[in-house]
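Remarks on the structure that follows.
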Amino acid sequence: MSNNLVEKIYTKKSISRIRAKTTLLGIYNKIDPIDFMNSRLIISLIVFFVTLLISSYAYVVAPLVTLAVYFGMEYFILDIRIKRRGVKLESEALFFFEVLTLSLETGRNLKAALELTTRNIDSELSKEFQVTLDALKYGKTLTESLNDMKKRIPSDTINNVILNITHTNVFGSEVVDTLYNQVDYLRDKKLYEAKAKIAKMPIKMSIVSVLFFIPIILLLILGPVLINMIS
């Protein structure tokens with residue numbers, strides 16, 4: 001019944017968007033897209049009627065508050081968590097793919113190298129690859145499993161690595177060379193991000209100075225004058 005209700009209220013595009021976002025939360029996701037959409041609708045309606053009852057400018061405030069709650073739930077419950085997860089996975093990616101490359105250099109094929117790497121690395125990205133490998137037991141090919149994994153990864157950088165691994169696996173190219181290039185890219189990206197953060201520090205310090213130190217200095221300078229005027 002809840003599925004039918006959602007399908008009547010929302011467009012297929014909206015339902016697909018929420019499904020895709022909940023998938024991007026990964027293997028630990030416990031949010032059902034249908035339940036989320038139903039809950040968001042009910043909470044928004046409750047907020048609308050409560051605002052109508054308590055606000056002096058109900059017909060202006062109620063729609064604005066309801067829209068804020070409606071879109072805010074998607075942003076705070078889904079979007080922010082997806083963004084944080086993407087940052088976390090990217091922070092784990094360099095080490096994971098470095099170990100994977102070393103595993104391949106020992107002469108193992110891609111599947112065996114992934115199995116060895118996931119056994120020896122305890123991270124969320126490693127667990128995602130473990131789920132991908134587990135899917136092979138149910139008849140999927142490695143390429144199909146990797147393509148499914150991309151739908152769970154909210155990082156274009158990691159998905160680009162997975163895409164390159166998939167292509168080399170399909171066309172029989174040298175996986176090690178491809179991974180070396182991807183590892184170099186991840187290392188350079190991490191370095192550039194660190195440099196960008198360092199470059200922003202003076203600007204942040206300037207903002208802190210303006211907000212905190214300058215008012216204190218002005219108070220010290222103008223304090224005696226104000227005290228004399230009051231006296």
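All values below come from the heavy atoms of this structure, side chains included, with hydrogens, waters and symmetry mates left out.
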Residue pair [X] / [Y], side-chain heavy-atom distance below 4.5 Å:
X    : Y    : answer
K127 : V131 : no
Q182 : F97  : no
V161 : L179 : yes
N29  : T23  : no
I18  : Y10  : no
K83  : D79  : no
K150 : I153 : no

Taking salt bridge (Lys or Arg N to Asp or Glu O under 4.0 Å) as the definition, give me every residue that meets it alongside K140, ordered by chain and number, with sequence neighbours left out.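 Result, salt bridge (Lys or Arg N to Asp or Glu O under 4.0 Å) vs K140: D148.
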
For [Y], is there any backbone N or O sitting under 3.5 Å from a side-chain donor or acceptor partner on [X]?
X    : Y    : answer
S39  : F36  : no
E92  : S123 : no
S126 : I121 : yes
R81  : L25  : no

Given the rule in the side chain to side chain contact (heavy atoms under 4.5 Å, CB included) test, do E124 and L89 qualify, once you have shown the distances and angles that lead to the verdict? CA-CA 7 Å; E124 188 168 345; L89 291 175; 4.0 Å; yes

Which word best sums up how the rings of F96 and F129 line up, parallel for under 30°, tilted for 30 to 60°, or perpendicular for over 60°?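 Parallel.
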
Within one Ile-Leu-Val-Met-Phe-Trp-Tyr cluster: [X] and [Y], side-chain cutoff 4.5 Å:
X    : Y    : result
L125 : Y185 : no
L67  : L45  : yes
M37  : I9   : yes
V61  : V47  : yes
I15  : I31  : yes

Just how far is it from atom [atom1] of [X] to atom [atom2] of [Y], taken to the nearest 0.5 Å?
X    : Y    : atom1 : atom2 : result
L146 : L114 : CG    : CG    : 7.0 Å
L100 : T117 : CG    : OG1   : 4.5 Å
N38  : I43  : CG    : CD1   : 11.0 Å
T66  : F49  : OG1   : CZ    : 9.0 Å
N147 : L163 : CG    : CG    : 8.0 Å
L94  : I158 : CG    : CD1   : 10.5 Å

Check the surroundings of atom [atom1] in [X]: do more than 12 heavy atoms from other residues, nucleotides or ligands lie under 6.0 Å from it?
X    : atom1 : answer
K190 : NZ    : no
F95  : CZ    : no
D122 : CG    : no
R84  : CZ    : no

Where A135 and S145 come nearest, the two heavy atoms and their spacing: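 Here A135 and S145 meet closest at CB-OG, 3.6 Å.
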
Mind running side chain to side chain contact (heavy atoms under 4.5 Å, CB included) on R19 and I34 for me, showing each step along the way? CA-CA 8 Å; R19 285 188 186 278; I34 301 299; 3.7 Å; yes

Is a donor from one side chain sitting under 3.5 angstrom from an acceptor on the other, for T11 and S14?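 There is such a pair between these side chains.
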
Report the C-alpha separation of E115 and R108 in whole Å, then their side-chain angles, then the decisive distance to 0.1 Å, and conclude whether the salt bridge (Lys or Arg N to Asp or Glu O under 4.0 Å) test is met. CA-CA 10 Å; E115 289 173 345; R108 294 177 174 84; over 6 Å; no

Side chain to side chain contact (heavy atoms under 4.5 Å, CB included) evaluation trace for L78 with T22: CA-CA 7 Å; L78 299 179; T22 54; 4.1 Å; yes

Can you pull the salt bridge (charged side-chain N to carboxylate O under 4.0 Å, His left out) pairs that have at least one residue in residues 152-169, sequence neighbours excluded?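 Applying salt bridge (charged side-chain N to carboxylate O under 4.0 Å, His left out) to every pair that reaches into residues 152-169, excluding sequence neighbours, yields E128-R152.
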
Applying salt bridge (charged side-chain N to carboxylate O under 4.0 Å, His left out), which residue pairs with at least one partner in residues 37-55 are found, sequence neighbours left out? R40-E74

CA sep, side-chain torsions, deciding dist, call: I162, N159, side chain to side chain contact (heavy atoms under 4.5 Å, CB included): CA-CA 5 Å; I162 297 172; N159 281 336; 4.0 Å; yes

